[in-house]
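The structure appears right after this line, and notes come after that.
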Number of protein chains: 2
Amino acid sequence: MRSPAELTEVFRAQGLKITPQRQVLFSLLHDTDQHPTAEMLFAAASDRMPGISLRTVYQTLTELTSMGEVRQLAFGSGPARFDPNGSDHHHVRCRTCGAIRDVDVGGVDRLEPLDVESLGGFEPDAVSIVFHGRCAECARASVAAAARTTTTTTTSTTPNTPTGGA
Amino acid sequence: MRSPAELTEVFRAQGLKITPQRQVLFSLLHDTDQHPTAEMLFAAASDRMPGISLRTVYQTLTELTSMGEVRQLAFGSGPARFDPNGSDHHHVRCRTCGAIRDVDVGGVDRLEPLDVESLGGFEPDAVSIVFHGRCAECARASVAAAARTTTTTTTSTTPNTPTGGA
DNA sequence: TGCGTCTTCGCATCGTTTGCGAATTGGCAC
DNA sequence: GTGCCAATTCGCAAACGATGCGAAGACGCA
Ligand SMILES: [Mn+2]
Ligand SMILES: [Mn+2]
Ligand SMILES: [Zn+2]
Ligand SMILES: [Zn+2]
């Protein structure tokens, strides 16, 4: 998204007002490379401006979204994530912990919708790609857990059914 | 997803029971090429079996999802969509009316996550692709609306601001 | 037919988001 | 600086999709 200074001009030009609440949110969004939820932004904004309302955060996010300054992302269940990164990019998401990261992807324009007839005249103008998998941390944690299970099984001779086995 | 008969065997083999509610849902899901919501399935199931509970629909969908018989999809806000199509495919979605269609896509394995270092060890094992755009119906409707506006503007000389202009 | 477990289903509840409207405030004209 | 007015904030109610819970009912097997 654009800088707080630029957004200030854009807002003014549209007859919208520059409030301290909006300034805080502009700044927070401009500075992050994450994909915060409304609640996360509310928490961060509350540090700088105690008393700011969650309602205002939602309202400002809706405005910025409709102005195209942020994208609203949805990954399955849970709250919406907001993406201030305006570059042409896609996402990877960890199945285990839900972590999201940006990823630049090559070869997108070589994707070919086959079976064009079944598209029935649909005209795509954008594409979202999400890679699903496991992040490095969760992979490490999983290996550690396996090691523990193995150790336990090897060490102990009791035929207990491991709790997390299924 | 598999046929109702096959699912019956699978369920029985796992000690799960075959109830009329499940049979109705198996059948509805097996026969559709759409991406129904829980509410939609509830409505359809209620036709064949008045009195079936929405709770049961949710429960059965959760089971089928965890068994891998259906996929749960999320497109922005709104309720989850369930996809009984087990083939390797992706989706197109109309920005205007929300309609969803399956699309087979070639070239998926030629996608290259660039900037591999910033992936920080993330290991993708699946990818979801959604094409965004406008479906044929909405494109037609939009053309028709534009024609109406043009006609009105041309015919009338009053400098009224069109209501839907912004 | 009888029993035990699995299932159904209504209701309460939860987490996220939006509707509403009174009170407040930014920005401009003077 | 002052006053005005539209834009904004914000608390609360409520919508919405989904889940937890547990009493009542039904499937499947002996
Ligand atoms: Mn992003
Ligand atoms: Mn599909
Ligand atoms: Zn993870
Ligand atoms: Zn459409």
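Chain letters run A, B, ... following the sequence lines, proteins first, then strands; residues in each count from 1. What you see is a predicted model, and the numbers here were worked out from it, not measured in a lab.
In this structure, CD of B/Glu63 is placed 16 Å from C1' of D/dA18, rounded to the nearest angstrom. C/dT8 atom C1' lies 13 Å from atom CZ of B/Phe42, rounded to whole Å. The interatomic distance linking B/Arg55 (CZ) with C/dT7 (P) rounds to 13 Å, in whole Å. Taking atom CD of residue A/Gln23 and atom C1' of nucleotide C/dG26, one finds them 11 Å apart after rounding to whole Å. Atom NZ in B/Lys17 sits roughly 13 Å away from atom C1' in D/dA24 (whole-Å rounding). For the pair A/Ile52 CD1 and C/dT24 P, the interatomic distance rounds to 18 Å; values are reported in whole Å. Taking atom CG of B/Leu61 as the reference point, atom P of D/dG17 lies 15 Å away to the nearest angstrom. Taking atom CG of A/Leu16 as the reference point, atom C1' of C/dG27 lies 12 Å away to the nearest angstrom.
Side-chain nitrogen and oxygen atoms of B/Gln21 include at least one within less than 4.0 Å of the OP1 or OP2 phosphate oxygen of C/dC9. Within the 4.0 Å cut-off from OP1 or OP2 of D/dT8, not a single side-chain nitrogen or oxygen of A/Thr56 is found.
In the model, A/Arg71 has no side-chain atom that pairs as donor or acceptor with a side-chain atom of A/Thr65 under 3.5 Å. Donor-acceptor pairing under 3.5 Å is recorded for the side chains of A/Arg48 and A/Ser27. Residues A/His132 and B/Ser128 have side chains that bring a donor and an acceptor to within less than 3.5 angstrom of each other. In this structure, a donor-acceptor pair under 3.5 Å is absent between the side chains of A/His90 and A/Asp104.
In this structure, B/Ile18 reaches the sugar-phosphate backbone alone: every heavy-atom distance under 4.0 Å involves primed, P, OP1 or OP2 atoms, never a base. At the heavy-atom level, B/Gly78 lies nowhere under 4.0 Å from the strands shown.
Listed candidates were C/dT17, C/dT8, D/dG28. Nearest to the side chain of B/Arg22 is C/dT8. Checked against C/dC20, C/dG4, C/dG27, the side chain of A/Gln59 finds its nearest nucleotide in C/dC20. Picking from D/dG11, D/dG17, C/dG26 the nucleotide with the shortest atom distance to the side chain of B/Pro79 gives D/dG17.
Of the two residues contacting DNA chain D, namely B/Arg12 and A/Pro20, the nearest-nucleotide position lying further toward the 5' end is that of A/Pro20. Each of B/Ser53 and A/Thr19 was assigned the nucleotide of DNA chain C with the nearest heavy atom; the assignment lying further toward the 5' end belongs to B/Ser53.
Using bins of under 30°, 30° to 60° and over 60° for the plane-to-plane angle, the ring pair A/His89/A/His35 lands in the tilted bin.
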